[in-house]
Structures are given as structure tokens and as C-alpha cells.
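Working notes, structure below.
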Amino acid sequence: MLSSFSEMLSYPFIIRALTVGILVCVCAALLGTNLVLKRYSMIGDGLSHVGFASLAIAYALNAAPLAVSIPVCIAAAFLLLRLGENSKIKGDAAIAVMCSGALAVGVMVVSLTSGMNTDISNYMFGSILAMSKNDVILGVILSAAVMLMYILFYNRIFAVTFDESFSTATGIKTGLYNALIATLTAVTIVLGMRMMGTLLISSLVVFPSLSAMRICKKFKSVVIFSVIISVVCFVSGIYFSFVFSVPTGASIVSANILVFAIVFVIQKIKDR
Amino acid sequence: MAVLECHNVSMSYGKNTVLNNLSFSINAGDYLCIVGENGAGKSTLLKGLLGLKKPSQGHFCSSDGLKSTDIGYLPQQSPAQKDFPASVMEVVLSGTLNSHKFSPFYTKADKNRANEMIKTLGVEDIKDECYRELSGGQQQRVLLARALCAAKKVILLDEPTTGLDPLMTKDFYKLISQINIERGITVIMVSHDINSAVNEASHILYLGNNSHFFGTAQEYRESELGKKFLGGEPLA
Ligand SMILES: Nc1ncnc2c1ncn2[C@@H]1O[C@H](COP(=O)(O)OP(=O)(O)OP(=O)(O)O)[C@@H](O)[C@H]1O
Ligand SMILES: [Mg+2]
């Protein structure tokens with residue numbers, strides 16, 4: 001096993017995948033806890049479908065894919081996280097509307113223009129092993145920025161997630177921090193889409209936090225533990241997919257399901 | 001000088017007007033109790049004072065330049081945080097955040113303040129427990145500690161004694177009048193415990209269905225309304 005692991009590390013494309021992948025996993029796990037607690041577990045799905053539509057449009061217009069999809073996804077995240085609370089359409093319904101709407105737009109644009117090319121299908125199913133050097137640089141910069149912002153505003157993000165009206169009443173700029181969460185989420189999802197594909201990205205956000213929440217009692221330990229779970233699952237998923245030649249996205253999700261099942265059993269035994 | 005003023009305020013949810021043309025003002029150091037039946041609009045008024053809900057008419061203001069970062073608040077019901085993993089310490093500490101301008105992390109002083117409040121409210125031994133696994137009364141104490149951490153000039157409390165045992169309730173009233181007198185913090189409290197309210201507070205605001213009363217506790221005691229609610233017994 002050790003030899004196949006070191007063999008795996010001898011391929012530069014895998015090193016690239018691991019570098020960006022680990023960073024994005026950390027971001028997703030950090031934000032995941034807040035999103036799950038704010039009842040926005042499905043936001044990953046919603047945003048990645050919007051991402052898909054914006055990519056289709058970017059290809060149709062011959063524009064740079066990330067330059068289009070990041071701002072579009074940030075706008076969508078704003079809509080979902082901030083308007084969801086006041087408007088008549090509640091969070092889950094808004095996400096469902098956004099998911100199917102964006103998918104429809106994306107498919108229409110694709111079929112009216114180029115037809116399904118490999119780039120677009122990569123975004124649907126993930127193509128972490130096909131990352132270019134530029135992808136890696138951009139991925140590293142953006143995820144480092146997300147992590148830095150999260151750490152700097154960790155206490156405020158906690159306060160706003162725990163009790164929004166108390167925070168507003170006592171003079172914390174709730175709107176600003178909700179906007180921050182929305183922006184960081186959108187950037188993370190767009191980066192993660194490249195790895196996991198539109199269809200599986202939600203799992204990266206949701207699973208590690210759900211597992212960690214079952215066994216930790218402090219918010220800080222939930223966040224730290226979900227980051228650890230996320231990274232471990234990612235690396236073992238990549239390894240599994242390398243050894244058995246199965247799709248990476250699916251094996252990463254499978255690893256997460258396994259951890260969730262183990263945690264579930266441990267907790268059931270502890271409760272008895 | 002008035003810390004908080006309320007000018008001809010009406011508040012409504014859609015077409016349902018809850019408060020109608022209400023005016024009063026609170027000076028620094030006052031201790032105001034808001035009383036009235038269920039559904040009279042007490043919590044709604046607090047939300048208005050805190051800027052969480054806009055009045056449909058009139059306005060709130062402060063001639064004292066009160067900033068929201070000087071305010072502590074205890075909501076009547078926290079939104080369902082049933083599965084939120086957070087320790088008591090983390091919750092209480094979050095009350096100190098509003099004294100930060102830019103610094104991202106808690107300082108030594110914040111931690112001392114949080115620990116002091118935790119001690120005052122007798123939740124030391126559950127400091128590292130998970131908030132969601134506490135009893136209702138214990139949760140109330142933790143939220144009170146958080147509100148006290150945040151309060152620098154004014155504290156607004158919505159039925160703070162709900163769920164507290166009689167001993168804690170007594171201690172709590174003592175604590176509030178202590179911070180009111182010693183630290184000069186203005187207290188605005190919603191309460192159904194009208195007897196304690198009249199004894200403890202300096203001012204009473206009664207919200208009725210179509211009439212309001214605002215005045216000092218003494219004036220309230222002598223009014224028709226007060227006599228009715230206090231059961232006619234003269235209080236020492
Ligand atoms: N979110 C809301 N949406 C619509 N109507 C509301 C809402 N909250 C309160 N109301 C209405 O406003 C009125 C006043 O409510 P409020 O919570 O201010 O009463 P209260 O005086 O605090 O009562 P209690 O003693 O039960 O706490 C009620 O009749 C209620 O129906
Ligand atoms: Mg109320």
C-alpha cells in the first residue's frame with residue numbers, strides 16, 4: 001500500500017490535484033458547518049448549477065470561464081443567503097428553483113451553441129486530474145484567501161450564525177458578515193466544482209460537518225474536526241480512485257459516507 | 001438626557017397594528033418595566049427600540065448618541081438552535097464582540113468579563129457543556145450572561161425570569177438593580193411579574209389594547225390601572 005501511495009505521488013498531475021483539492025476541502029469544511037447550521041445544506045447544489053449555466057454562457061461568449069462564473073455565483077449566493085429570510089420563497093424552495101432554472105438555462109445555451117464539449121462535461125462530473133498549472137495557482141490563491149477571511153472573522157461568523165437578531169441588536173454588522181459568508185461560499189463552490197463536478201459538490205460542504213457535529217460539543221471542535229475529516233476523506237478518495245481506476249469525485253463522496261456511517265455507529269454505541 | 005425616545009410610534013405586522021401612537025422617553029440610569037397582557041406588543045416594542053423592526057409610523061431616537069454597540073439584549077425566544085453545537089463559554093464570549101472595533105480575536109479582558117458573568121449567574125460548573133443540552137432555565141442564565149457581557153449603557157430584557165427558579169429569580173432582580181445603580185446601566189425589562197416590577201423599577205410602561213400608561217412606579221401605583229392590577233393592596 002505504501003509503495004502504491006508513493007507511486008501515486010510521483011505523478012505531477014496528482015500532486016497538483018492534491019494541492020488544490022486539500023485546500024478546497026478545508027474551505028468547504030470550514031464554511032460547511034455554518035451553512036448546515038443556517039439550514040443551507042443545499043446551497044452547494046444551487047450554486048454549482050448556477051456555475052454550470054454561467055460556464056455554458058462563458059463558452060458561448062468565448063469569455064474566461066472563472067471570470068464569469070465566480071461573480072455570477074457570488075450574486076446567486078447573495079440572493080439565496082440574504083433574501084431567503086425576508087422573501088416569501090423560503091431557503092429550500094429558492095434553492096430548488098435556482099437549481100432547475102440554472103440547469104435549464106445551461107442546457108439551452110449549450111445545445112443552441114457549441115453542443116456538449118469536454119470542458120462543460122468536465123464541470124458536470126469533475127476533472128480534478130486534468131488541472132492545469134494556472135488552475136492550480138488560481139485555486140491556491142483563492143482558497144488561501146477564503147481561509148484567511150474565515151479565520152479573521154471566525155468569532156463574528158460564529159455570533160451571526162448562532163443568533164442573528166442578538167448580533168444585529170448589539171451592533172454587529174450582520175448584513176456584512178452574511179455577505180462575507182455568501183462570497184466565501186460562492187468562491188469555494190466554483191473551485192470545488194472543478195474537482196467534484198456539479199453533481200457531487202454538495203457532499204463536500206455537508207458531509208464533514210454533519211459527521212463532526214455528531215460527536216463534538218463545541219463549535220470550535222466541530223470546525224476543526226470537520227476540516228480533518230474532509231482532508232482525510234479527500235486524500236483517501238484520490239488514492240482509492242488511483243488504485244482502482246474509479247472516478248475521483250465518487251470515491252471522495254464514498255469515503256465521506258463511510259466516515260459518516262462510522263461516526264453514526266460510534267455515537268449510537270456511546271448513547272447506550 | 002434621554003437615552004432612548006419614542007415619538008408617536010406605531011408598529012404593525014402587515015395590516016395588524018400592534019402598537020398605536022406611543023410616546024415616551026427614558027433617561028440614562030432609569031429602570032423601566034414594560035408590562036401588559038400577552039400579545040400587547042411588548043416584544044415588538046423592544047424589537048423597535050433595538051432597530052430590529054421598523055415602526056410603521058413615528059420614530060425612535062436617542063439624544064444621548066446611544067450606539068447599538070453599547071446595548072445588551074436578551075430575546076424572549078431564541079430562534080430554534082436545537083442542534084447548534086456550541087459551548088456555554090463560546091456563547092457567553094460572543095456577547096463581548098460588540099466592544100471590538102477591528103480586532104478579530106477575543107482579548108484577555110473579554111475572557112475575564114465572560115468568566116465574571118458566568119460566575120455571577122452561577123453557571124461555572126457547566127461552562128464547557130454544550131449549550132443545546134442544557135435545561136431551559138440554564139439556557140436562560142447563559143443568555144443572560146451573554147446579554148450582560150454586551151451591555152455597556154443599556155440592557156433590554158424580554159421576560160428574563162422565565163424558567164428561572166425562585167432563588168435565581170431573587171438573585172437576578174438583585175443583580176439587575178445592582179448594575180442599574182452601581183454601573184448606571186439603563187434597564188428596560190419586559191415582565192409579567194407586576195409586583196416585582198413595581199418594587200424594582202423606577203418607571204412603568206403599561207401597554208393595553210387601546211390605552212397606554214407611562215410614568216414612574218409611584219405614579220403607576222396610585223393610578224386606577226395600577227390599583228386594579230396590583231389587587232388594590234397598598235404597598236409599603
Ligand atoms: N412575526 C410576527 N408576524 C406577525 N405577527 C406578529 C409577529 N410577532 C408578533 N405578532 C403579533 O403582534 C402582536 C404582539 O406580539 P408581541 O410578541 O409583541 O406580544 P408580547 O406583548 O410580547 O406578548 P407576550 O407577553 O406573549 O410575550 C401579537 O398579537 C402577534 O399576533
Ligand atoms: Mg413577548
Side-chain angles (χ1 to χ4, degrees), chain A residues 32-41 85-86 88 91 147-177 180 206 208-226 263 267 270-271, chain B residues 43 46-53 66-91 93-107 110 127-134 143 146-147 149-152 154-156 158:
Chain A
T33 311
N34 296 79
L35 294 172
V36 169
L37 290 170
K38 272 181 160 274
R39 300 283 173 280
Y40 281 106
S41 302
E85 276 138 36
N86 305 326
K88 291 272 187 289
M147 276 183 244
L148 185 72
M149 295 301 268
Y150 188 88
I151 292 168
L152 280 180
F153 293 107
Y154 165 82
N155 287 324
R156 287 169 172 89
I157 289 176
F158 166 81
V160 167
T161 313
F162 182 73
D163 191 342
E164 196 163 320
S165 54
F166 175 84
S167 303
T168 315
T170 57
I172 291 172
K173 295 191 183 64
T174 320
L176 182 71
Y177 296 109
L180 179 73
V206 178
S209 320
L210 280 185
S211 303
M213 252 184 258
R214 291 208 148 248
I215 43 177
C216 299
K217 294 190 167 184
K218 284 170 82 171
F219 188 75
K220 196 178 254 169
S221 38
V222 170
V223 170
I224 293 171
F225 208 67
S226 63
V263 168
Q267 198 211 18
K270 257 183 30 194
D271 279 356
Chain B
S43 302
L46 283 200
K47 286 183 190 143
L49 288 168
L50 289 163
L52 295 175
K53 184 171 164 52
L66 180 73
K67 292 190 298 277
S68 53
T69 48
D70 298 325
I71 294 179
Y73 172 47
L74 176 81
Q76 181 171 22
Q77 289 153 329
S78 280
Q81 296 285 10
K82 276 220 145 21
D83 54 358
F84 202 109
S87 71
V88 167
M89 189 64 185
E90 285 177 314
V91 174
L93 262 177
S94 73
T96 64
L97 265 183
N98 67 351
S99 50
H100 291 215
K101 265 233 158 64
F102 300 109
S103 72
F105 305 111
Y106 294 125
T107 60
D110 293 333
K127 203 167 101 167
D128 296 313
E129 299 278 304
C130 186
Y131 174 79
R132 65 181 165 187
E133 289 165 4
L134 302 179
L143 294 186
R146 179 183 67 167
C149 278
K152 271 164 243 73
V154 178
I155 188 162
L156 290 96
D158 201 342

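Fair warning: this is a prediction, and the values are worked out from it, not measured in the lab.
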Self-check item: Pick from B:A151, B:G72, B:S87 with the largest number of heavy-atom pairs that fall under 4.5 Å of chain A
Solution: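 That would be B:S87.
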Exercise. Identify which part of A:L152 has an atom lying under 4.5 Å from any heavy atom of chain B, answering side chain, backbone, both or neither.
Key: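 Looking at A:L152, backbone and side chain both touch chain B.
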Exercise. Name the region of B:A86, side chain, backbone, both or neither, that has any atom closer than 4.5 Å to a heavy atom of chain A.
Key: both
Practice problem: Mind checking salt bridge (Lys or Arg N to Asp or Glu O under 4.0 Å) for A:K217 and listing every partner two or more places apart, or none if nothing turns up? | Solution: B:E133
Quiz prompt | Set of salt bridge (Lys or Arg N to Asp or Glu O under 4.0 Å) partners for B:D158, sequence neighbours left out | solution =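 With sequence neighbours excluded, B:D158 shows a salt bridge (Lys or Arg N to Asp or Glu O under 4.0 Å) to no residue whatsoever.
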Quiz item: Is it the case that A:T174 and A:T168 place a side-chain donor and acceptor less than 3.5 Å from each other?
Solution: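 Yes, side-chain donor-acceptor contact under 3.5 Å.
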Quiz item: Side chains of A:Y150 and A:N34: is there a donor and an acceptor less than 3.5 Å apart?
Solution: yes
